[in-house]
Peer 1: 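Before we start, here is the structure in question, set down as structure tokens.
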Amino acid sequence: MSELSKTYTPAEVEERWYAQWIADGAFTADPSRVSATRPAYSIVIPPPNVTGILTLGHVLNNTIQDILARRARMLGKEVLWLPGTDHAGIATQNAVEKALRKEGAIKHRDDLGREKLVEKIWEWKDKYGGIILQQLKKLGASCDWSRTRFTMDPDYSRCVQRVFVDLYKKGLIYRGKRMVNWCPVALSAISDEEVIPKAQNSSMYYFKVQVIEEPDTWLTIGTTRPEVIPGDQAIAVNPKDPRYAHLIGKHVRRPLPVENQEKLLIIPDEHVDVTFGTGVLKVTPAHDKADLEILYRRLGTEWARTLDSFTLRDLQSMKPVDVMNPNGTMNELAGKDLVGLDRFAARKRAAELLAEIGSLVKEEPYQNNVGYSERADVPIESRLSEQWFLKYPSTQPSQDVVAKGDMRFFPERWSKVYDHWMGGLQDWCVSRQLWWGHRVPIWVKTIHCNEVANLGLPNEVATKLSVVANHATNDGGENELSVSLSTKEGCSTFFRLMMAVDANEGYPSNFHWEIYAATDSPEESAILEAAGFTQDPDVLDTWFSSWLWPFATMGWPEQTGDLKAFYPTTDLVTGPDIIFFWVARMIMAGYEYMGEMPFKNVYFTGIIRDKQGRKMSKSLGNSPDPLEIIAKYSADALRFGIMRSAPLGQDILFDEKNVELGRNFCTKLWNAARFRQMQSSTEQGAGGMEQEINPALLSSDDKWILLRLNNAITEVSTALDEYRFSDATQTLYRFFWTEYCDWYVEASKAVLQGTDDKRKANTLAVIDFVLGHTLRLFHPFLPFITEELWHGMGFNADMPENQGGKSIMFAPWPKPLDKDELAHFGILPEDEQAANDKYKTVELGRGLKSTFNISKKVRFVLKPASELPAHEIEVLRILLNAEPLDVDAAFTPKKGTPASLTPLGELFLPLDGIIDVDAERARVTKEIAKVEAELAKVKAKLADENFTSKVPQKVLDEHKQREADWSAQFEKLKVMLEALG
RNA sequence: GCAUGGAUAGCUCAGUGGUAGAGCGGCUCGUUUACACCGAGUUGGUCGGGGGUUCGAAUCCCUCUCCGUGCACCA
């Protein structure tokens, strides 16, 4: 045991211990060690963006995971905390493109081309991709780095492709032209979750159109987007609207483009809101989801069945007309006045055009919500495009498992949110028009129906495909085939034949096949490409890879030892903002591919905000760099500070003060350990620790601190079991600082500064017992300083190597003393009261001193209520800082002596000659007023028969006791007042 | 609009029917040999408003206001 330095140097200590843990392989999980007596505990990290840097959100999230993992190790479990990173498609590609543009290497990604850009991104990833994981190490994260995964690792990519192919085969993935959220900057589809609605100050433009068949009738239409008028295909009114019902089937002339003012049919649609605007709706199916649905519905109405052939043709010929380019500029279909203009410029121009032709009625300010692309921060477009969609698999068990409580969410209320979302699932658009990510593993070739046998594929395959094709054409049979191209074991390609009929072709004898081939095998895809198949250019949504995270990281589809031992994982710790993005989808993938839930408990953290409650953001500059905080205060301090302020289910207001408090706490811990070390001892055991506690020598303070320790162990353990991390830290703080340092250590000085060596040794044994338990209780929260002290004080010396001898990480989690042990030490529950009475007396005595502004040592006299052992008097003397403390049952104070009623008797502060009788009288009078008020309150209650007759006996007794106590105090105070004259 | 969380001391929060609490901050005092990143004392609240149930409400019920979040709608 070396002497602890006077000050704690966290930077050096943290670096040293982390390196030691790594060298010892302390974080490495071994599935072969899992057994009935050594259960598995596992967490997969929510993979941060590979090019990201550590934020306080990560600190919060990963500190929680580390606490869970470290505690599980101490509970004797085999722990796997699996780390890794996510390729984060759109974010990473954006970041790299931006950097390349900044350094002038490119103006646009097309300057490089797909292959070169992807190469650049890989270079970027290799350079910066490890940063965030390195930063996690500074925090003390006990991840098994030997298992670090990346969503674009070859094995992982293969899993993604395999799952895509499987779902395609099952018919759950399909290609379709659908309305998607289109980001005109990223030039890609984005998910609903990446669209942020924002309130806008827009304009509502009202324009009028003439009914062709009734030249005297004009309809006024309101729109916020006049620039898409050239894409209008119809005018819709509610058939029940008496204002317009008679106009259904008639026509108006579309005002724009001015050179192509088409006739538009007025059609009925039940969904038109008669109370909104003018009740007349223009239908622009290529630019609005609701309008597209009107288009789909138009032929199914009763009205459609009554139509003459001319009108019916008008109705049938309606089609989505996209008047915009993918980048948000207007195309030729928008007309000569708008073509080439950006959509916002086009909006202004369109309004001007309407005014010029006398159609514009008015323009009013209008507040509406517009969807913004989260990434590019521009309004998104609803756009029709060819995309890949997924019908979610395994939805039923996924919804049930949470509803039935087999998988638990903390806080519980998120399970309702989850259930609601699961109840209204929409197909998932999984394709993205990006270059960085997993490319859709589908190869396509279009071929004339007579040429299927000449596909360029091996004869045997071509023949089989011909048979399928014939079958499909002749009797509408299956159009699918699964076959191996490479004859390599385990490799196969799935073909689906889709008819593509062109207007010019003479179907049924003359048409084309679109042949879709899905495979996850590099060999087979090479054969397909050689045969002239081309791979779909899209990549998959990043979440389509991360939803496989809990098992794809453990070697799936092989039944690996890791999967057997560690799946399902135990806990997932993540933010509620990705409950749909990630959590729900992982549950479905877990059931679909592992047949089992992926995790048993999900803990949702709060969102980190600044101390004014604002979200952390780059633009506000209110997001501190965690590494700077660590450098300033230490990782332990940051961990403790952030956990102390993170109540379950609430947002966290981050205040550096909390970290400061964490640092102060570490310092306190350090100094308390030094204090122990500075006490000499007569009978030292191994490593300088005291060995046995002698029950016969235990003081009331010893018993008290052992009971408080028991309480702290129980409270911290249950708080952690229930994921109440801030409650656990509050308990630790209170126990160690207030109970141990402020009361117990101070009281123990009565022995330690005395001359009884036996008692001294026994007190040190109690201190060692408490400190040893405390360090272990703290370890999950403060891994570094506890390890340093564990060794520095020699607690490791008498522990088995794998149970604390080498590292506190594997020391057993503290258990409270059980009944037998308490009996062995002779500790009774009421022992707590004896010490409490003493401390209460001390507080009252200190209060007296403070009232009279005395800071020096001073004489106290206690007139005891019952006899007190000498040791107790000595403790009182030290805690009161009294010199001397006289105990005198017959003490008669001089008139005007300040006194206080304590649980141990009357305590006097004789201040011969220097007391201010008036001040003391005022003090006692004030006290009397307080007691009188309390007494009156309780007396009133007891006098009320309404109360006494209805209240339970227990409450009645309590009130009676209270009355007696207050009365006694009142009487004594009155005597004291009289004594003052 | 629907759902959901919240409002308690200057700040951050505990407290689910029985005497309103903690930490931080503020103020006063203090170099007593672990610690000034400390110690002692002390000051802070008609528990968001209103109504109801009850002997008794921060706590249960109704209602309103404000703040947050999710979903839907948004011509």
Side-chain angles (χ1 to χ4, degrees), chain A residues 4 6-8 192 197 199-200 202 204-206 221-225 236 272-273 276-284 288 290-291 366-371 411 413-414 416-417 420-421 424 576-577 579-580 607 609 611 613 633 637 644-645 647 649-653 655 657-658 660-679 726-727 729-730 733-734 737-738 741-742 745-746 749 753 842-843 846-851 853-857 878-881 883 934 937-938 941 944-952 954-956 958-959 962 965-966:
Chain A
L4 298 175
K6 178 143 169 60
T7 50
Y8 177 55
D192 289 346
Q200 296 281 293
S202 328
M204 180 70 87
Y205 302 89
Y206 292 92
I221 306 171
T223 181
T224 53
R225 302 203 62 190
V272 175
D273 182 352
F276 192 95
T278 59
V280 183
L281 175 65
K282 68 189 200 63
V283 181
T284 324
D288 187 290
D291 290 4
Y366 181 70
Q367 269 246 342
N368 64 344
N369 286 325
V370 173
R413 66 189 156 90
W414 292 109
K416 279 186 213 156
V417 175
H420 185 250
W421 190 74
D577 47 333
I579 185 168
F580 310 137
I607 292 168
R609 298 167 178 278
K611 61 180 164 188
Y633 297 103
R644 213 178 107 87
S645 52
Q650 294 198 30
D651 287 354
I652 292 98
L653 302 193
D655 186 344
K657 276 259 175 234
N658 280 316
E660 197 180 316
L661 185 138
R663 183 219 28 209
N664 295 353
F665 189 79
C666 291
T667 307
K668 188 76 177 175
L669 189 58
W670 186 258
N671 282 312
R674 277 183 62 232
F675 172 77
R676 157 64 186 95
Q677 236 187 17
M678 289 163 75
Q679 305 307 314
S726 68
D727 289 346
T729 50
Q730 302 273 12
Y733 189 92
R734 186 208 69 220
W737 203 306
T738 307
C741 290
D742 289 348
V745 171
E746 293 308 317
K749 285 178 182 172
Q753 291 168 9
V842 169
E843 275 174 347
R846 286 170 178 171
L848 279 180
K849 271 176 84 171
S850 159
T851 307
N853 236 334
I854 297 157
S855 51
K856 301 267 190 259
K857 285 191 188 223
I878 287 192
L879 291 177
L880 277 170
N881 200 20
E883 193 60 67
E934 293 293 341
K937 252 201 294 192
V938 72
K941 273 192 171 182
D944 184 356
E945 201 190 329
N946 223 346
F947 175 78
T948 49
S949 61
K950 291 183 180 168
V951 106
K954 187 180 153 247
V955 174
L956 195 59
E958 273 170 21
H959 278 76
R962 214 181 293 161
D965 291 347
W966 287 127

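Order of the sequence lines fixes the chain letters, A, B, ..., with proteins taken first and strands second; residue numbering starts at 1 for each chain. Just so we're clear, the structure is a prediction, and the values are computed from it rather than from any experiment.
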Peer 1: Evaluate the side-chain proximity of A:Arg225 to A:Asp288: yes if any heavy-atom separation is below 4.5 Å, no if none is.
Peer 2: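 Side-chain contact under 4.5 Å: no.
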
Peer 1: For B:C71, does either OP1 or OP2 sit under 4.0 Å from a side-chain N or O belonging to A:Lys416?
Peer 2: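 No.
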
Peer 1: Start at the 5' end of RNA chain B and walk down; is the nucleotide closest to A:His959 or to A:Leu281 reached first?
Peer 2: A:His959

Peer 1: What class does the angle between the rings of A:Trp670 and A:Tyr8 fall in, given that below 30° is parallel, 30 to 60° is tilted and above 60° is perpendicular?
Peer 2: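 If you compare the ring of A:Trp670 with that of A:Tyr8, the planes turn out tilted.
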
Peer 1: Tell me the interatomic distance from A:Asp655, atom CG, to B:C11, atom C1', rounded to whole angstroms.
Peer 2: 9 Å

Peer 1: Suppose we define a pair by two distances each less than 3.5 Å, Watson-Crick or G-U wobble; what does B:A14 pair with here?
Peer 2: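 Here B:A14 is not engaged in any pair, so there is no nucleotide opposite it.
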
Peer 1: Tell me, do A:Tyr733 and A:Thr738 make a side-chain contact under 4.5 Å, heavy atoms counted?
Peer 2: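 Not touching, per the 4.5 Å side-chain cut-off.
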
Peer 1: Taking CD from A:Gln677 and C1' from B:C35, how many angstroms apart are they, rounded to a whole number?
Peer 2: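 In whole Å, B:C35 C1' lies 15 Å from A:Gln677 CD.
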
Peer 1: Return whichever of A:Lys282 or A:Glu660 has its heavy-atom-nearest nucleotide of RNA chain B closer to the 5' end.
Peer 2: A:Glu660

Peer 1: Considering every strand and a 4.0 Å limit on heavy-atom distances, what is the contact class for A:Pro952: base, sugar-phosphate, or nothing?
Peer 2: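 Base contact - A:Pro952 has a heavy atom under 4.0 Å of at least one base atom.
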
Peer 1: So do the side chains of A:His959 and A:Phe947 get within less than 4.5 Å of each other, counting heavy atoms only?
Peer 2: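 When only atoms from C-beta onward are counted, A:Phe947 and A:His959 do touch, with a gap below 4.5 Å.
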
Peer 1: Just call it for A:Thr224: base, sugar-phosphate, or nothing, with non-hydrogen atoms closer than 4.0 Å on any strand.
Peer 2: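 Sugar-phosphate only.
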
Peer 1: For B:C74, which nucleotide is its Watson-Crick or G-U wobble mate, given both distances must be under 3.5 Å?
Peer 2: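 Partner of B:C74: none.
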
Peer 1: Heavy atoms under 4.0 Å, any strand shown: does A:Arg644 hit a base, just sugar-phosphate, or nothing?
Peer 2: sugar-phosphate

Peer 1: Looking at the side chain of A:Trp966, which of B:G23, B:U31, B:U19 is the nearest nucleotide?
Peer 2: B:U19

Peer 1: B:U33 C1' sits how many Å from A:Met678 CE, rounded?
Peer 2: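 Going from A:Met678 (CE) to B:U33 (C1'), I get 7 Å.
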
Peer 1: Identify which nucleotide among B:G23, B:C24, B:A34 has an atom closest to any side-chain atom of A:Lys657, counting heavy atoms from C-beta outward.
Peer 2: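 Nucleotide nearest to A:Lys657's side chain: B:C24.
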
Peer 1: Give the rounded distance in Å between these two atoms: NZ of A:Lys950 and P of B:G18.
Peer 2: 18 Å

Peer 1: Under 4.5 Å between any side-chain heavy atoms of A:Gln753 and A:Ile878, yes or no?
Peer 2: yes

Peer 1: Could you check which nucleotide pairs with B:G5 in any of the strands shown, counting Watson-Crick or G-U wobble with both distances under 3.5 Å?
Peer 2: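 Partner of B:G5: B:C67.
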
Peer 1: Does the A:Asp651 side chain pair with the main chain of A:Ile607, one donor and one acceptor, at a distance under 3.5 Å?
Peer 2: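 Such a contact is found between A:Asp651 side chain and A:Ile607 backbone.
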
Peer 1: Side chain of A:Tyr366: nearest nucleotide among B:C74, B:A34, B:G70?
Peer 2: B:C74

Peer 1: Considering only side-chain heavy atoms of A:Leu653, which listed nucleotide, B:C13, B:A34, B:C24, is closest?
Peer 2: B:C13

Peer 1: For B:U19, which nucleotide in any strand shown is its Watson-Crick or wobble partner with both distances under 3.5 Å?
Peer 2: none

Peer 1: For the side chain of A:Arg609, counting heavy atoms from C-beta on, which of B:U69, B:G23, B:A34 is nearest?
Peer 2: B:U69

Peer 1: How far does the P atom of B:C2 sit from the matching atom of B:C62, given to the nearest Å?
Peer 2: 16 Å

Peer 1: Considering only B:G68, B:C35, B:C71, which nucleotide approaches the side chain of A:His420 most closely?
Peer 2: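 The nucleotide sitting nearest to the side chain is B:C71.
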
Peer 1: Between B:C55 atom C1' and A:Phe947 atom CZ, what is the distance in whole Å?
Peer 2: 7 Å

Peer 1: Given that both distances must come in under 3.5 Å, which nucleotide forms a Watson-Crick or G-U wobble pair with B:G56?
Peer 2: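 None - no nucleotide pairs with B:G56, as no candidate has both distances under 3.5 Å.
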
Peer 1: With sugar-phosphate meaning primed atoms plus P, OP1 and OP2, does A:Glu746 contact a base, only sugar-phosphate, or nothing at under 4.0 Å between heavy atoms?
Peer 2: base

Peer 1: Within the distance-only criterion (no hydrogens, no angle test), does the side chain of A:Gln677 pair as donor or acceptor with the backbone N or O of A:Ala673 below 3.5 angstrom?
Peer 2: no

Peer 1: Taking the C1' atom of each, how far is B:U8 from B:A3, in whole Å?
Peer 2: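 So the two C1' atoms sit 26 Å from each other.
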
Peer 1: Roughly, in whole Å, what's the span from NZ in A:Lys856 to P in B:C29?
Peer 2: 13 Å

Peer 1: When rounded to the nearest Å, what value does the distance between C1' atoms of B:A72 and B:A58 take?
Peer 2: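 The answer is 35 Å between these two C1' atoms.
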
Peer 1: Rounding to an integer number of angstrom, what distance separates B:G25 and B:A57 when you compare their P atoms?
Peer 2: 36 Å

Peer 1: Using the C1' atom on both, measure B:U12 against B:G50 and round to a whole Å.
Peer 2: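 Result for the C1' pair: 29 Å, nearest Å.
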
Peer 1: Verify, without hydrogens or angle tests, whether A:His420 (side chain) and A:Lys416 (backbone) share a donor-acceptor contact under 3.5 angstrom.
Peer 2: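 No, because the side chain of A:His420 does not come within donor-acceptor range (under 3.5 Å) of the backbone of A:Lys416.
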
Peer 1: Check the pair A:Glu746, A:Lys749 against salt bridge (Lys or Arg N to Asp or Glu O under 4.0 Å), reporting the backbone distance first and the verdict last.
Peer 2: CA-CA 5 Å; A:Glu746 293 308 317; A:Lys749 285 178 182 172; 3.2 Å; yes

Peer 1: Should B:G44 form a Watson-Crick or G-U wobble pair with both distances under 3.5 Å, which nucleotide is its partner?
Peer 2: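 Looking at the geometry, B:G44 pairs with no nucleotide.
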
Peer 1: Return the minimal non-hydrogen interatomic distance between A:Lys6 and A:Arg674, and the atom names on each side.
Peer 2: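 Nearest pair, atom of A:Lys6 first, then A:Arg674: O-NH1, 3.5 Å.
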
Peer 1: Please measure how far the C1' atom in B:G44 lies from the corresponding atom in B:G10, and state the result in whole Å.
Peer 2: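 Comparing C1' positions in B:G44 and B:G10 gives a spacing of 8 Å.
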
Peer 1: Can you give me the N/O atom pairs linking the protein to nucleotides 38-44 of chain B at distances under 3.5 Å, or say none if there are none?
Peer 2:
unit_1, atom_1, unit_2, atom_2, d
B:C38, OP1, A:Asn664, ND2, 3.3
B:C38, O3', A:Lys668, NZ, 3.2
B:G39, OP1, A:Lys668, NZ, 3.1
B:G39, OP1, A:Trp737, NE1, 2.3
B:G41, O2', A:Ser850, OG, 2.6

Peer 1: How far apart are the closest heavy atoms of A:Thr284 and A:Asp291, and which atoms are they?
Peer 2: N-OD2, 2.7 Å

Peer 1: Would you say a side-chain N or O of A:Lys6 is under 4.0 Å from OP1 or OP2 of B:C35?
Peer 2: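 Result: yes.
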
Peer 1: Could you check whether A:Val745 gets within reach of a base, just the sugar-phosphate, or nothing at all, counting any heavy atom under 4.0 Å?
Peer 2: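 Counting heavy atoms under 4.0 Å across all strands, the contact made by A:Val745 includes a base.
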
Peer 1: When you get a sec, tell me which of B:A34, B:U31, B:U32 is the closest nucleotide to the side chain of A:Asn881?
Peer 2: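 Nearest listed nucleotide: B:U32.
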
Peer 1: Tell me the interatomic distance from A:Leu4, atom CG, to B:A34, atom C1', rounded to whole angstroms.
Peer 2: 11 Å

Peer 1: Can you tell me the pairing partner of B:A34 across any strand shown, Watson-Crick or G-U wobble, with both distances under 3.5 angstrom?
Peer 2: none

Peer 1: Which is it for B:G44, anti or syn, if anything within 90° of zero counts as syn?
Peer 2: syn

Peer 1: For A:Phe580, what residues pass the ring-ring contact (aromatic ring centres under 6.0 Å, His included) criterion, not counting sequence neighbours?
Peer 2: A:Trp421

Peer 1: If you check the A:Arg674 side chain, which of B:C35, B:C55, B:C71 turns out closest?
Peer 2: B:C35

Peer 1: For B:U63 versus B:G1, give the span between their P atoms, rounded off to a whole number of Å.
Peer 2: 15 Å

Peer 1: Between B:C67 and B:G26, how far apart are the two P atoms, rounded to whole Å?
Peer 2: 31 Å

Peer 1: Let's see if you can work this out: which of B:U19, B:G70, B:G5 has an atom nearest to the side-chain heavy atoms of A:Arg413?
Peer 2: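 Of the candidates, B:G5 comes closest.
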
Peer 1: Is A:Val370 touching bases, backbone alone, or none of the nucleic acid, heavy atoms closer than 4.0 Å?
Peer 2: nothing

Peer 1: Separation of A:Gln679 atom CD from B:U33 atom P, in whole Å?
Peer 2: 14 Å

Peer 1: Are any of A:Tyr733's side-chain N or O atoms less than 4.0 Å away from OP1 or OP2 of B:C24?
Peer 2: yes

